[in-house]
Amino acid sequence: MPPKLVIFDCDGVLVDSETVANKVLVANLARHGLTITIEDAERNFVGGTLQTAFDDLKAMGAALPDSWCMDYRTELHGKLREGVAPIPGVVAVLDRLDALGVPYCVASNGSDEKMAITLGQTGLWERFDGRRFSARTVGVAKPDPGLFLAAAKGMGVSPADCVVVEDSASGAMAARRAEMPCLGYAPKGDGAALLAQGARLFTDMTQLPGLAEA
């Protein structure tokens with residue numbers, strides 16, 4: 001039985017923006033006296049909020065100014081405007097959901113401005129018109145379940161009838177707390193952090209329609 005609503009995360013699920021974000025973060029922190037690797041960034045900061053990252057990075061020894069969140073966001077958005085691509089296979093997934101008559105939406109810790117940049121470049125912005133939920137607009141961020149619950153309510157669907165597609169432990173935790181099944185996209189690595197939050201793993205977007213319909 002297909003779900004009545006599929007809730008997609010944005011970065012790393014709809015658009016390949018995490019790669020850019022992690023590179024920008026690593027370079028930015030090097031200028032502020034903290035050396036981390038791309039793998040560190042992926043493991044510790046994907047799916048979180050900038051404010052949480054700011055607090056954690058200062059605790060790790062980075063000499064960050066009070067304006068860092070705004071400065072980093074400006075730097076990141078500039079890089080994202082240079083080009084991002086849809087996650088391979090995700091457009092076909094959306095086409096399949098349309099064919100099945102299954103509604104979908106996006107719920108992201110990123111801002112509406114960021115989604116406008118990334119989804120706008122990929123032709124996905126229009127497909128999610130009226131179906132975009134950001135932590136900044138809703139006022140609550142993952143891993144709090146409130147963002148997903150707000151998306152379900154906004155789409156007129158019971159949480160029990162939703163499926164969430166996520167690539168981060170933070171998002172999978174939010175889904176678990178919202179009592180929504182989570183399909184965890186793990187194209188690289190073992191997906192252990194997603195599994196720990198109860199997500200059902202998949203590694204290729206071509207697998208998603210079958211999993212969502214199961």
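Only this structure's heavy atoms are used, side chains among them; waters, hydrogens and symmetry mates stay out. All values derive from a computational prediction rather than experimental measurement.
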Peer 1: Take Met115 and Ser108, measure what side-chain contact (heavy atoms from CB on, under 4.5 Å) needs, and give me the verdict at the end.
Peer 2: CA-CA 8 Å; Met115 283 196 283; Ser108 175; 4.0 Å; yes
Peer 1: Is there a side-chain contact between Met205 and Ile87 (heavy atoms, below 4.5 Å)?
Peer 2: yes
Peer 1: Decide yes or no on ring pair (Phe, Tyr, Trp, His ring centres under 6.0 Å) for Tyr104 and Phe128, but give the supporting numbers first.
Peer 2: CA-CA 8 Å; Tyr104 50 84; Phe128 287 90; 5.3 Å; yes
Peer 1: Is it true that Ser168 and Asp9 share a donor-acceptor pair across their side chains at a distance under 3.5 Å?
Peer 2: no
Peer 1: Hey, does Pro86 have a side-chain heavy atom less than 4.5 Å from the side chain of Leu14?
Peer 2: no
Peer 1: Salt bridge or not between Lys188 and Asp167? Use side-chain N to carboxylate O under 4.0 Å.
Peer 2: no
Peer 1: So does Glu166 pair up with Lys142, basic N to acidic O under 4.0 Å?
Peer 2: yes
Peer 1: Is a donor on one side and an acceptor on the other found under 3.5 Å between the side chain of Asp98 and the backbone of Asp95?
Peer 2: no
Peer 1: Apply the test side-chain contact (heavy atoms from CB on, under 4.5 Å) to residues Leu64 and Leu29: give CA-CA distance (whole Å), side-chain angles for both, the deciding distance (0.1 Å), then the verdict.
Peer 2: CA-CA 8 Å; Leu64 303 181; Leu29 293 176; 4.2 Å; yes
Peer 1: Testing the 3.5 Å rule here: is there a donor-acceptor pair between the side chains of Thr74 and Asp71?
Peer 2: no
Peer 1: Decide if atom CE of Met60 counts as having more than 12 heavy atoms of other residues, nucleotides or ligands within a radius under 6.0 Å.
Peer 2: yes
Peer 1: Do Thr52 and Asp55 have side-chain N/O donor and acceptor atoms under 3.5 Å apart?
Peer 2: no
Peer 1: Answer yes or no for Arg73 and Trp68: cation-pi contact, defined as NZ/CZ to six-membered ring centre under 6.0 Å and angle to ring axis within 45°.
Peer 2: no
Peer 1: Is it true that the side chains of Asp204 and Tyr185 contain a donor and an acceptor less than 3.5 Å apart?
Peer 2: no
Peer 1: Any Lys/Arg nitrogen of Arg81 or Glu75 sitting under 4.0 Å from an Asp/Glu carboxylate oxygen of the other?
Peer 2: no
